[in-house]
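Structure first, then comments.
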Amino acid sequence: MHRLLYVHVFLCCLSVVHSFCPSQCTCAFHGRNEGTGTRSVLCNDPDMSDIPVNVPVDTVKLRVEKTAVRRIPTEAFYYLAELRYLWITYNSISTVDSGSFYNLKVLHELRLDGNMISVFPWESLKEMPRLRTLDLHNNRLSNVPTEAIPFLLNITYLDLSSNKLATLPSDLMDIWPPFNGAPISENSRKTVLGLQDNPWFCDCKISKLIEMTKMAGTPVVLMDALLSCSGPENLAGVLFQRAELDNCVKPSVKASATKITSSLNSNVILRCDAKGLPTPTLFWTKSDGSPVNNTVQESPGEGVRWSIMSLHGILYKDAGDYSCKAKNVAGNAEATISVSVDGDISTTIPTLSPSNETEAVSQVTTPIPPTDIPNSPSVKTTDVPDVPDLPRVTTQSAIPVKLKTTPSLPRGKPKPAKSQQEGNGRKLAADEKSKKNEDSKSVTDLKIVEETSDSAVLLWRADGIPNDAPLTVVYSRYGEEDIKRTLETIAGSGKVLLDGLSSGLRYSVCLVAKASTAGKDPCTDFYTLDIVEDGGPDKLLMIVSGIACVLAVPLIALLLYKILALYCKSSDTPVDEEEIGKESYVKFETISMKQRTMNSHPTELWTRRKTNESDRLLLCSRSSIDSQMTYKSDGSRSEYLC
């Protein structure tokens, strides 16, 4: 009886609460549907200073508009578990606590436009997993942090217009097409963005946003596509659709190879190079998206970066695609390298019987690490464990080998083998014979002929390998094994042309035979020829001749000068009288045409004087003594004779 009374009192109280409406608000109950209804509450009293706490719990839509409310406290709507629409618009709110929207699990629309919010608790959005509309129009937001991006993935209507945003994180654009890589179709989900009326600083950080405004047919719809730049000065007032950014280049990636085949337990180095402005960062991922840690990267200069990833002791599980991804604020790029593991571990297991007859030996080839084989005289091939994760298991028929057996050897007590490896235990004699047969199946006589400046011919001889067996020629510059080139051929061809080489460099080339069972692939080194330009020796000869002429001409002139000087100074050389011609004189006029007097200065004259010894040219220098002069008349011209 008491319990029934308690239940009745509870139901009465609940009905009172449901029907109760805050004094400063107006409540409306809409039509019922299958016994339920929707209640909306409007609070727009200008004297209201706090968020009402006595709102009916079945409220679906709450509007607090044009009030004096300044703060949204923690868990202000905790009891409104059915709330789907929350509008707190055109108030004086400047503070929003991080736990303000706790327990709003079904909230679909949150509008806070027309307030004074400068810092929004973006992490509070995780309390509203079904939120699709977020309206922060006409507030004082100055930035959107990178930490907010994960909470905006499901938002289809985001209004950040009329704030103080100068930039946005570059990764924010990556959550929407086409930057997220999702295919674009007519059925793609539409996203509405309001970004107008903000003081955008147009640099590389918002290059993706600028690029988005120039696209057509994307699922992202801008409320106002005519966004404009407020800075820098050279772009102030320029529309995004016409803005051209300097020093902003999307990254590009180039891998050293697209496909690499490596032998089991070997070391593999992958490299990629990237260019872009600002300088991109590089990181490696596996085909499943998991990151790779054993990497090194370096930037030799602005706009350039390279990265190296190493795989030590490669196993079959390491095979797959590895992606080198480059990223900067202008965009992303990636290059993929496919790595495959080649090489089988052969194990020969004989089946022995008490007789001395020749038995066929079955060879089972399995790509598993070598294990010690029990020294039992009778082992079946079915005793080899089955490994389901391995890529392939092949069985081949081996060459018959005569086995020496001891019939009296009791079962279960094997006779120890004579050969023994260090730390690996004893091996069967049949393994040694099989190994000798396998060693004969290899590629030999590897050599390079017909080297040129950009090509070379590789020759080889295949022993015991089928002519149609596939071969892989791997070659690279010496010391640059991380950048390799490969050629596919067959064993029967015997030669292959290596082209596209650089002149005057050393190269390494290896021949990988998949059908070969030799322990090491044959390799060799060679040099390409240097390029000699046409007319090279002639040009060198001309240069040497020119230098010789430049040096020889001054020496010849000096020698002639010395000879003339010695000739002029010589006065004792006899001269034949018969060779002397008729006496003659050369008359020179004076420098001045004026009449000379007895007191005038002597003038330099040239004349030819006959002597008993020779006829030589003399220079008569100025003298302080008077020269003998002959005057024809006062107005006649003077002549001076030495």
Side-chain angles (χ1 to χ4, degrees), residues 89-90 92-94 111-120 122 133-149 152 155-180 184 190-252 275-281 302-303 327-333:
T89 59
Y90 295 97
S92 301
I93 296 174
S94 60
R111 295 183 181 272
L112 296 170
D113 49 306
N115 289 283
M116 297 183 291
I117 302 172
S118 59
V119 178
F120 182 76
W122 301 97
T133 299
L134 178 60
D135 189 352
L136 294 172
H137 163 74
N138 194 16
N139 277 277
R140 299 179 180 179
L141 298 175
S142 59
N143 74 309
V144 177
T146 306
E147 294 77 12
I149 296 176
L152 298 173
I155 302 298
T156 58
Y157 182 97
L158 178 62
D159 192 353
L160 299 174
S161 60
S162 300
N163 278 274
K164 297 182 179 180
L165 297 174
T167 187
L168 288 175
S170 175
D171 294 342
L172 179 60
M173 297 294 108
D174 293 339
I175 68 177
W176 299 306
F179 302 107
N180 62 354
I184 300 176
K190 301 294 183 180
T191 301
V192 179
L193 295 180
L195 301 173
Q196 66 275 10
D197 299 328
N198 280 288
W200 297 112
F201 188 86
C202 295
D203 62 359
C204 207
K205 294 181 181 179
I206 62 170
S207 60
K208 293 180 183 178
L209 176 59
I210 295 176
E211 183 179 356
M212 181 181 292
T213 61
K214 301 177 182 180
M215 295 180 179
T218 62
V220 179
V221 179
L222 296 175
M223 295 182 187
D224 186 356
L226 300 179
L227 303 178
S228 60
C229 304
S230 296
E233 185 177 356
N234 61 324
L235 293 177
V238 178
L239 295 177
F240 279 17
Q241 297 175 351
R242 299 180 180 178
E244 297 295 337
L245 303 181
D246 298 332
N247 298 325
C248 186
V249 180
K250 290 183 179 180
S252 60
K275 296 181 180 180
L277 289 174
T279 303
T281 58
E302 184 180 2
K327 180 179 180 181
N328 65 6
V329 293
N332 307 323

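Just so it is clear, the values below take in all heavy atoms, side chains as well, and ignore hydrogens, waters and symmetry mates.
- When all heavy atoms of L245 and C202 are compared, the closest pair comes out as CD2-O, 3.6 Å.
- In terms of heavy-atom proximity, L172 sits nearest to L152 at CD1-CD1, 3.9 Å.
- With contacts defined as side-chain heavy-atom distances shorter than 4.5 Å, the pair S118/S94 does not qualify.
- Atom CH2 of W200 and atom CG of L235 lie 15.0 Å apart (nearest 0.5 Å).
- Summarising the geometry of P199 relative to S230, their closest heavy-atom pair is CA-OG, 3.3 Å, with the distance given to 0.1 Å.
- Between I206 and F201 the shortest side-chain heavy-atom distance does not fall below 4.5 Å.
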Show me the donor-acceptor pairs within less than 3.5 Å that the side chains of residues 155-165 make with the rest of the protein, sequence neighbours left out.
residue : atom : partner : partner atom : Å
T156    : OG1  : R132    : O            : 3.3
D159    : OD1  : S161    : N            : 3.1
D159    : OD1  : S161    : OG           : 2.6
S161    : OG   : H137    : ND1          : 2.8
N163    : OD1  : N139    : N            : 3.4
N163    : OD1  : R140    : N            : 3.3
N163    : OD1  : L141    : N            : 3.0
N163    : ND2  : L136    : O            : 3.1
N163    : ND2  : L160    : O            : 3.1
N163    : ND2  : S161    : O            : 3.0

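- Using a cutoff of 4.0 Å between basic side-chain nitrogens and carboxylate oxygens, E302 and K275 are not scored as salt-bridged.
- Rounded to the nearest 0.5 angstrom, S228 OG and Q241 CD are separated by 11.0 Å.
- D203 places a side-chain N or O within 3.5 Å of a backbone atom of K205 that can act as its donor or acceptor partner.
- Put simply, the side chain of L195 reaches to within 4.5 Å of the side chain of L227, judged on heavy atoms.
- At least one side-chain heavy atom of P178 sits less than 4.5 Å from a side-chain heavy atom of M215.
- Of all heavy-atom pairs between K327 and N332, the closest is CG-OD1, 3.0 Å.
- Residues L226 and F240 fail the side-chain proximity criterion, which asks for heavy atoms closer than 4.5 Å.
- Within the model, atoms OG of S170 and CG of N328 stand 7.5 Å from one another, a figure rounded to the nearest 0.5 Å.
- Rounding to the nearest 0.5 angstrom, the gap separating the CD1 atom in I210 from the CD atom in E244 is 9.0 Å.
- Every residue two or more places apart in sequence or in another chain was checked for a salt bridge (Lys or Arg N to Asp or Glu O under 4.0 Å) with D246, and none qualifies.
- With contacts defined as side-chain heavy-atom distances shorter than 4.5 Å, the pair V221/T191 does not qualify.
- A distance of 4.5 Å separates CD in E211 from CZ in F179, rounded to the nearest 0.5 Å.
- Counting only heavy atoms from C-beta outward, the side chains of D113 and Y90 approach each other to under 4.5 Å.
- Closest approach of P177 and V220 over heavy atoms only: O-CG2, 3.5 Å.
- Remark: the backbone N or O of D174 is not paired with any side-chain donor or acceptor of D171 at under 3.5 angstrom.
- Here the CE-CG distance, from M173 to N180, works out to 11.5 Å after rounding to the nearest 0.5 Å.
- Listed for the D224 side chain is no donor-acceptor partner under 3.5 Å among the backbone atoms of Q196.
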Audit row: I117, L112, side-chain contact (heavy atoms from CB on, under 4.5 Å) steps and yes/no: CA-CA 9 Å; I117 302 172; L112 296 170; 4.1 Å; yes
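- Looking at W122, its side chain never comes within 3.5 Å of a backbone N or O of I149 through a donor-acceptor pair.
- For the pair P251 and A333, the tightest heavy-atom approach, listed with the atom from each and the gap, is O-CB, 3.3 Å.
- Side-chain contact between T167 and N143: absent, with no pair of heavy atoms (C-beta onward) separated by less than 4.5 Å.
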